[in-house]
Protein chains: 2
Amino acid sequence: MNEIKIFSPATVANVACGFDVMGFCLDSVGDEMVIRKVEKKGIHITHIEGFDLPYQADENVAGVSALAMYNALDVDFGFEIEIYKNIKPGSGIGSSAASAVGSVFGINELLGRPFNKTQLTEFAIKGEALASKCEHADNLAPAMFGGFTLVKSLDPLEILEIPCPENLYATIIHPQIEIKTSEARAILPKDVALNNAITQWANFGSLIHGLHTSNFGLIQRSLNDVIVEPYRSQLIPYYDEVKKAALHAGALGAGISGSGPSVFTLNEGLETANNVAESIKAIYAKTDIDFDVHVSPINTYGIKILN
Amino acid sequence: MNEIKIFSPATVANVACGFDVMGFCLDSVGDEMVIRKVEKKGIHITHIEGFDLPYQADENVAGVSALAMYNALDVDFGFEIEIYKNIKPGSGIGSSAASAVGSVFGINELLGRPFNKTQLTEFAIKGEALASKCEHADNLAPAMFGGFTLVKSLDPLEILEIPCPENLYATIIHPQIEIKTSEARAILPKDVALNNAITQWANFGSLIHGLHTSNFGLIQRSLNDVIVEPYRSQLIPYYDEVKKAALHAGALGAGISGSGPSVFTLNEGLETANNVAESIKAIYAKTDIDFDVHVSPINTYGIKILN
């Protein structure tokens with residue numbers, strides 16, 4: 001096999017109470033990439049569709065992660081990468097993570113899987129860092145493994161796969177405003193009240209237990225963020241209205257996807273997820289802000305081969 | 001049935017990364033209590049053995065929780081309580097919680113169980129508050145339910161029972177110094193670094209996942225407390241030495257039990273738990289500090305009827 005086509009999914013990081021460590025994988029939104037083994041040594045990005053991104057490998061997220069992996073190999077051939085981007089950069093649903101994961105996953109498949117998924121994620125962290133200016137894996141892990149993931153630690157990298165209840169659907173709305181990750185980071189305080197931190201880990205522990213036991217009521221009661229949402233929600237116009245509408249339409253919970261501006265909701269059943277989509281669309285439809293809405297089951301397999 | 005004898009177990013609160021919300025139940029240490037239905041209305045403490053505690057019901061932890069429950073009833077009889085105390089007050093392994101849980105559990109049994117365990121814990125919170133000057137349930141919940149418990153919230157009270165792996169043993173050492181709960185509270189900062197809080201909930205979520213999956217390696221890597229231990233460990237002489245010796249002897253993890261001064265360890269297997277006991281005994285044996293050591297399986301049933 002000298003060529004592979006893959007689907008690299010969008011992801012939601014943080015998941016309300018799991019700031020910086022939790023994420024889940026979407027099924028209906030993602031990029032496609034073609035990776036090809038070629039004689040010419042090195043990593044060569046030969047085609048990009050969808051958005052205007054750099055072709056220079058060391059300036060492109062997919063290229064940087066591929067180079068990190070390539071430099072760990074000792075081979076006398078190279079790889080071409082074609083990127084068919086559907087996830088808008090800056091949308092907050094793991095656009096750079098999909099690119100970073102895609103190239104290393106594809107190359108690994110062409111080589112007969114010399115690396116495991118955690119090792120591949122280590123390479124992908126280098127690509128992700130190009131986009132977000134810091135090393136983190138909360139979007140990379142769910143894109144690579146699927147389902148819900150908990151990044152226990154970055155050094156050493158340890159990723160836990162948390163069980164996913166059946167019949168859980170995400171509804172995502174992406175209001176098309178720009179929030180820079182650096183800006184979303186800068187708005188956060190360095191210190192937080194101990195009482196709020198306790199509330200956050202009580203909720204986070206409860207979310208993990210709720211996912212293990214498919215307890216939708218507990219998942220609902222756990223999806224609260226008392227640490228980050230009060231700050232970052234200020235950067236998203238109509239955030240409170242969107243969240244209120246989602247919960248009123250039956251969402252288990254709602255929060256900021258990654259560093260925003262997308263807002264995610266989790267829902268029991270497709271019908272509720274669709275109802276939530278309609279009700280949150282109605283909020284932005286009254287404004288001059290363009291938006292996309294995605295309804296998706298939780299993707300439990302993660303990145304996958306298409307051909 | 002007009003009389004019941006019960007065993008009310010000692011407990012470990014906080015469990016390193018689960019400050020203020022997590023706890024587990026011990027099997028080999030606990031109080032005994034006799035609860036008796038009598039004609040005379042009210043709550044009457046008629047016998048106390050082991051330690052010098054008040055007989056006046058509204059000044060005694062077991063009495064206060066019993067009164068909270070009794071006042072919610074409409075009965076024309078009363079209850080006598082005998083307390084055979086084995087858990088030293090102030091040891092940090094839930095002495096007051098055992099008393100608070102014991103009286104309400106016993107009365108409930110004599111009445112044919114009108115209240116569920118969460119409701120009983122609500123009454124017990126009133127008794128616990130007499131001892132610790134604030135309402136919390138992180139010792140009460142494991143004493144009442146057994147195993148590992150997560151107090152998701154106090155208002156409304158929601159207690160989650162987390163699965164317990166087989167072959168898990170606790171070793172506890174109680175250096176006989178006095179630490180007041182109020183002092184242990186006062187030493188804590190009001191604010192904590194966001195980065196540390198993130199580490200704490202990553203560890204706590206991982207501990208919940210580790211308990212669900214009986215993953216001892218993960219439990220080991222999760223039993224870290226970057227928030228509270230740096231402060232409270234200063235109140236416990238030779239804490240660092242005890243922890244180091246425990247880990248060297250094979251403990252999965254070690255930390256402060258509740259607000260101290262007891263130090264708990266969790267261990268895979270009885271043999272390791274016994275080895276850990278020997279190695280931490282050796283630390284205090286070189287000092288003039290008296291100490292007790294307990295080795296116990298995790299008690300998965302909680303408080304129980306003896307006769």
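Labels below follow one simple rule: chain letters A, B, ... track the order of the sequence lines, proteins then strands, and each chain is numbered from 1. Only this structure's heavy atoms are used, side chains among them; waters, hydrogens and symmetry mates stay out.
- For the set B:Val21, B:Ile198, B:Asp20, the entry with the most heavy-atom pairs within less than 4.5 Å of chain A is B:Ile198.
- Interface remark: B:Lys190 contributes backbone atoms only to the contact with chain A (heavy atom separation under 4.5 Å).
- Heavy-atom neighbours of B:Gln234 CD from other residues, nucleotides or ligands within 6.0 Å: above the threshold of 12.
- Taking 4.5 Å as the heavy-atom cut-off, the residues of residues 203-212 of chain A that approach chain B are A:Asn203, A:Phe204, A:Gly205, A:Ser206, A:Ile208, A:His209, A:His212, ordered by number.
- Chain A forms more heavy-atom pairs under 4.5 Å with one residue of B:Leu150, B:Asn215, B:Asn195 than with any other, namely B:Leu150.
- Only the backbone of B:Pro189 has a heavy atom closer than 4.5 Å to any heavy atom of chain A.
- For the residue pair A:Trp201 and B:Phe19, the shortest heavy atom distance occurs at NE1-O, 3.1 Å.
- More than 12 heavy atoms of other residues, nucleotides or ligands sit less than 6.0 Å from atom NZ of B:Lys243.
- Here the closest non-hydrogen pair linking A:Ala193 and B:Asp191 is CA-OD1, 3.4 Å.
- Counted within 6.0 Å of NZ on B:Lys126, heavy atoms from surrounding residues, nucleotides or ligands total 12 or fewer; the atom is thus considered open.
- Listed in order of number, the residues of residues 249-262 of chain A that approach chain B to under 4.5 Å between heavy atoms amount to none.
- In this structure, the portions of B:Ile162 lying under 4.5 Å from any heavy atom of chain A include both its backbone and its side chain.
- We find the OG-CG distance between A:Ser153 and B:Asn224 to be 10.0 Å, quoted to the nearest 0.5 Å.
- For A:Thr199, no part sits under 4.5 Å from any heavy atom of chain B, backbone or side chain.
- When the candidates A:Leu218, A:Leu188, A:Val228 are compared by the number of heavy-atom contacts under 4.5 Å with chain B, A:Leu218 comes out ahead.
- Here the straight-line distance linking atom CZ of A:Arg221 with atom NZ of B:Lys152 works out to 7.0 Å at 0.5 Å rounding.
- The contact between A:Val151 and chain B is made entirely by backbone atoms, counting heavy-atom distances below 4.5 Å.
- In the displayed structure, A:Tyr231 atom OH is contacted under 6.0 Å by at most 12 heavy atoms of other residues, nucleotides or ligands.
- Looking at B:Thr213, the atoms closer than 4.5 Å to chain A (heavy atoms on both sides) all sit in the side chain, from C-beta outward.
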